[in-house]
Amino acid sequence: MGGGPMGPGGLARRMGKGEDIGDFRLNRTIWRRVLGYAKPYRGTIVLFVAMVVLGAALSVAPPLLFKEIIDQGVLGGDKRIVILLSLIVAGLAIASALSSLVERWCSSKIGEGLIYDLRTEVFDHVSAMPVAFFTRAQTGKLVSRVNSDVIGAQQAFTSTLSNVVSNVIRLVLVAGAMIVLSWQLTLASLVLLPIFFIPARIMGKKLAGLTRRQMQYNADMSASMTERFSVSGALLVKLFGRPADEHDAFAEKAGGVREISVQIAMNQRFFMVSLTLVAALATALVYGAGGLQAIDGVLTVGTVTALAGLLAQLYGPLTQLTNVRIDVMSALVSFDRVFEVLDLKPMITEAEDAVTPEAPSSVEFRDVRFTYPNAEEVSLGSLEAVAGSERANTEVLKGISFRVEPGQTMALVGSSGGGKTTITHLIARLYDVTGGSVEVAGTDVRQWHLAGLHDRVGYVTQDAHMFHDTIAANLTYARPGAGEDELWAALEAAQVADLVRSLPDGLNTVVGERGYRLSGGERQRLAIARLLLKSPPIVVLDEATAHLDSESEAAVQEALDRAMENRTSIVIAHRLSTIRDADQILVVSGGEIVQRGSHEELLEADGLYAELYDKQFAHRD
Ligand SMILES: Nc1ncnc2c1ncn2[C@@H]1O[C@H](COP(=O)(O)OP(=O)(O)O)[C@@H](O)[C@H]1O
Ligand SMILES: [Mg+2]
């Protein structure tokens, strides 16, 4: 086992194990970074704070006016004062309503703007990740980062900011007014505070931990659903699945959510009840002690009423302030989970002085060694299903060297698992070599502009993917702006035009995940049409005809021949004809080139090639 990937690592790693929020240390750099996101909204934030202050002041004024209405108006028998002050109270109420609307406008502008900024940034960053990242990260968990964590982060700005500012101001105003009215009664009613304060703190801390666990369970649940509710996932479950086990696994996660949610609900209610109770006790105290003092003439009736009214406003801000620390922490944790994704350095980055060479498209490997990266190098423990310990990967390519001249065809053969697909992945720099170098057009791929390199190389693999979109959209993805006649030409060359013509909506038929179900051979030919449209100078065909029946295979083969015309081609195939015509054939086994030459040379040499030929190819054609 060893220590596993959970070293003394970052915060997020620890959080990934479901630790309590209370342990989260306030970190200066996070703060500075969070504030950086607020910068564009400076003007709105100023208006927002102004509205919060105004709102707080407006809510303290009425009880003080009530005091005057009772003492001077009602008890003093002055109707003018009663009418005038009531009108002022009404005016303040309207002003308060308006300021609350403006405040909400500001907070949603800031909040939603922030969500937008973070989302687009995370999306762009994740899109730039190498394939290795996607082979590891669970889609569902990744999606929940972009959805819920971003929203959590946003709350730091709106609810927390407004909570802190408005509650502090309200507390100062309310307490100040109360002390002026009767400092003795104010002190007496504050004596009850600790009764409430202590459970509030304990609860708050507990709640934060529970909420974090709830988020984790939710993310797990959605990850397992995203996986099983995709077409291929659902198919797998149907064909192999044990429904009872599936049920149990899901029920366990959903059950976790249920248990925690009940706990959260009870904790919240306990919190509320203790608050209401303490506030009610304090009110009883004000009326009791204040009433007695009013009889003795120490206080006026209006003062007692005003004190009771203000007291009701004292406990609200106090409660919210007791939990501010927790709120800020949860918000920061969300920010941190988002930053964690943003900080993940893509393993493959463009060189500062990257170039896009014009030279003819040769491909050359020089003593290439390659080991697949470990989980820690490409991904985040918290985005994976099992962040368990993992043994180091073994070397997959052990010194591969070859050169394909521009326009030539090279075939790779060998038993499965030998490293053929891996070799092709290195050409478009889906991974970086661990030793040696890969050159395209005479330039190391690490020196290429990534976009230029990807324009130069096109792939057709065994399981070509189509987006859930129209055929036209899938094709033009390879070359935006391609005209309809160009699309038809590509479809024609890929032997799939007749099929598309026969579809009810033609080019506008929706394919992919939940669209029209193409057969394996049809999808393959569509993928070839896409490649033809892109028209890259270098094509890689990785078992593009595997698993097809012989009729589709013939059609696909014809399409492939078109794709390879006048191009530098690297072909992994089991079709004898493709391999026979190749300019050179490499026999790959165990990450090494064990034989190389032309078809005839290799057959004569009587090695692995001859053996494979007998086994795989002889009965075909
Ligand atoms: N993403 C990956 N991470 C770790 N190992 C991998 C990965 N992909 C392939 N391998 C390993 O690399 C070796 C070569 O695989 P591959 O290049 O796909 O072989 P081939 O295409 O010749 O069948 C295999 O042992 C395989 O298990
Ligand atoms: Mg392969």
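Start at 1 and go down the list; that is how both ligands and their atoms are numbered. For the numbers below, each heavy atom of this structure counts, side chains included, while hydrogens, waters and symmetry mates do not.
- Residue contacts with ligand 1: Gly419 is included, with a non-hydrogen atom under 4.0 Å away.
- When distances to the Mg ion (ligand 2) are checked against a cut-off of 2.8 Å, Ser416 contributes no N, O or S atom below that limit.
- Checked for salt-bridge contact, Asp498 and Arg525 miss the test: no charged N lies under 4.0 Å from a carboxylate O.
- Here Glu364 pairs with Arg366 in a salt bridge; the nearest charged N to carboxylate O distance falls below 4.0 Å.
- Scanning all protein heavy atoms for the shortest distance to atom 9 (C) of ligand 1 gives Tyr372 CE1, 3.5 Å.
- The Thr421 neighbourhood of ligand 1 comprises atoms 17 (O), 18 (O), 20 (P), 21 (O), with distances under 4.0 Å to a heavy atom of that residue.
- Note on Glu405 versus Arg403: salt bridge recorded, some NZ/NE/NH1/NH2 to OD/OE distance being below 4.0 Å.
- Summary of contacts: the protein heavy atom closest to atom 25 (O) of ligand 1 is Gly417 O, 3.9 Å.
- Less than 4.0 angstrom separates atom 27 (O) of ligand 1 from none of the non-hydrogen atoms of the protein.
- The aromatic rings of Phe339 and Tyr37 lie parallel to each other, with less than 30° between the two planes, well short of the 60° mark.
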Check against side-chain hydrogen bond (donor to acceptor under 3.5 Å, both in side chains), His599 and Tyr609: CA-CA 9 Å; His599 176 67; Tyr609 186 80; 2.8 Å; yes
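- Using a 4.0 Å cut-off to heavy atoms of Thr422, the atoms of ligand 1 that qualify are 14 (C), 15 (O), 16 (P), 17 (O).
- Only the side chain of Val396 comes within 4.0 Å of ligand 1, judged by heavy-atom distances.
- For atom 13 (C) of ligand 1, a protein non-hydrogen atom is found at a distance below 4.0 Å.
- Near Ser416, with a cut-off below 4.0 Å to any heavy atom, the atoms of ligand 1 are 23 (O).
- Annotation for His247: atom NE2 does not count as buried by contact number, only 12 or fewer foreign heavy atoms lying within 6.0 Å.
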Derivation of the side-chain hydrogen bond (donor to acceptor under 3.5 Å, both in side chains) call for Thr394 and Tyr372: CA-CA 8 Å; Thr394 49; Tyr372 275 100; over 6 Å; no
